[in-house]
Amino acid sequence: MDIISLPALPRPLIGISGRRTSGAAIGAPYGFADAPLEAYLSEYATSVLRAGGLPVHLPMDADPAELVARLDGVVIVGGDDVDPRRYGQTPGPFTPLVDPQRDEFESGLILAAIERSLPLLGVCRGAQLLNVVRGGTLHQHLAAGEGESHGSYAYPRAHRVHEVRTAEGSVVHGLYGESTRVNSFHHQAVDAPGAGVTVTGWAPDGVVEAIELDGLPVVGVQWHPETFGGDPVFDWLVDQASAHTAVAPTPATESVA
């Protein structure tokens, strides 16, 4: 019997958000210091590659829905505060410079991914924005030196400073077991969960560390797994993206008699 060898499926395409800055941030010469610059921290892409995905950076001037229509998964990365006005509050004394364009773009990515049931991972700010998009709120400021001192930058980037307890039956429980240790670089956190958002991870002081979206392959983590040189949450994302690719409908072809 002849054996027909089918081509392997291509690596799933994972879109990674970034941030808008200027040429001055990389020491651009005079005349280009104010040129708009898209910045992407490479550990996110490296983590996707290591897990078997193909990373692609997402420019903020593009239409989020058009981008998501071509992707198999999305990573919303960390960064500065979400504008408090997006969850019914006003900026406080600890609110740094916010970026309304980034908020709008990444919110569009999240909404489009949810609409298409696309696998999505939110990291730090990305987890917070996911909750806000679903109508939830945030704690605007966790004071350094209190509780687990979540916003301290005293440790190396990949140093695991505190424990996270996970909810039985959750995605993060399946990935990490009953608990794991994580790094911590945030001064905000999920407060009231949004529609369909389930809290699935907590720090010892009760601060929310992981959320998931009911019935969808959507996870948000408050720590930075991209710094660990290989973390199971990226394996989960790429596996989910591969499964999504395998079942995605293909364009109908016209039959010729």
Any donor and acceptor pair, going by atom type alone, linking the side chain of Ser117 with main-chain N or O of Pro217 inside 3.5 Å?
no
Salt bridge or not between Arg20 and Glu38? Use side-chain N to carboxylate O under 4.0 Å.
yes
Are Leu118 and Val123 co-members of a hydrophobic cluster defined by side-chain heavy atoms under 4.5 Å apart?
no
Donor-acceptor check, side chain of Ser152 to backbone of Ser149, threshold 3.5 angstrom: yes or no?
no
If you define the side chain from C-beta out and look only at heavy atoms, does anything of Asp191 sit under 4.5 Å from Tyr87?
no
Would the distance check show the side chain of Ser170 and the main-chain N or O of Ala167 forming a donor-acceptor pair, the cut-off being under 3.5 Å?
yes
Indicate whether any N or O donor in one side chain lies under 3.5 Å from an N or O acceptor in the other, for Glu212 and Thr200.
yes
Mutual orientation of the aromatic rings belonging to Phe185 and Tyr153 [parallel < 30°, tilted 30-60°, perpendicular > 60°]
tilted
Full working for side-chain contact (heavy atoms from CB on, under 4.5 Å) between Leu216 and Leu213:
CA-CA 6 Å; Leu216 290 172; Leu213 197 54; 3.8 Å; yes
Do the side-chain N and O atoms of His162 and Asp205 include a donor-acceptor pair separated by under 3.5 angstrom?
no
Walk me through whether Leu71 and Leu58 qualify under side-chain contact (heavy atoms from CB on, under 4.5 Å).
CA-CA 10 Å; Leu71 298 173; Leu58 306 178; 4.1 Å; yes
Which word best sums up how the rings of His141 and Phe94 line up, parallel for under 30°, tilted for 30 to 60°, or perpendicular for over 60°?
parallel
Ion pair Arg157/Glu43, N-O distance below 4.0 Å
yes
Salt-bridge criterion met for Glu104 and Arg86 (N-O under 4.0 Å)
yes
Are side-chain heavy atoms of Arg19 and Asp99 found at a separation under 4.5 Å?
no
With a 4.0 Å cut-off on N to O distance, would you call Asp214 and Arg134 a salt bridge?
no
Please check if the side chain of Asp80 supplies one atom and the backbone of Val98 the other of a donor-acceptor pair under 3.5 Å.
no
Quick check: does any side chain N or O of Asp83 sit under 3.5 Å from a backbone N or O of Pro100, one acting as donor and the other as acceptor?
no
Could you check whether Arg165 makes a cation-pi contact with Tyr176, meaning its NZ or CZ is under 6.0 Å from the centre of the six-membered ring and within 45° of the ring axis?
no
Verdict with supporting geometry, Leu142 and His139, side-chain contact (heavy atoms from CB on, under 4.5 Å):
CA-CA 7 Å; Leu142 305 171; His139 290 291; 4.2 Å; yes
Checking Gln188 side chain against Gln140 main chain: does a donor-acceptor pair fall under 3.5 Å?
yes
Compute whether any side-chain donor of one residue and acceptor of the other, for Glu226 and Ser47, lie under 3.5 angstrom apart.
no
Do Asn183 side-chain atoms and His224 backbone N/O form a donor-acceptor pair below 3.5 Å?
yes
Passes side-chain contact (heavy atoms from CB on, under 4.5 Å), Glu209 versus Trp223? Steps please.
CA-CA 7 Å; Glu209 290 282 339; Trp223 62 93; 3.7 Å; yes
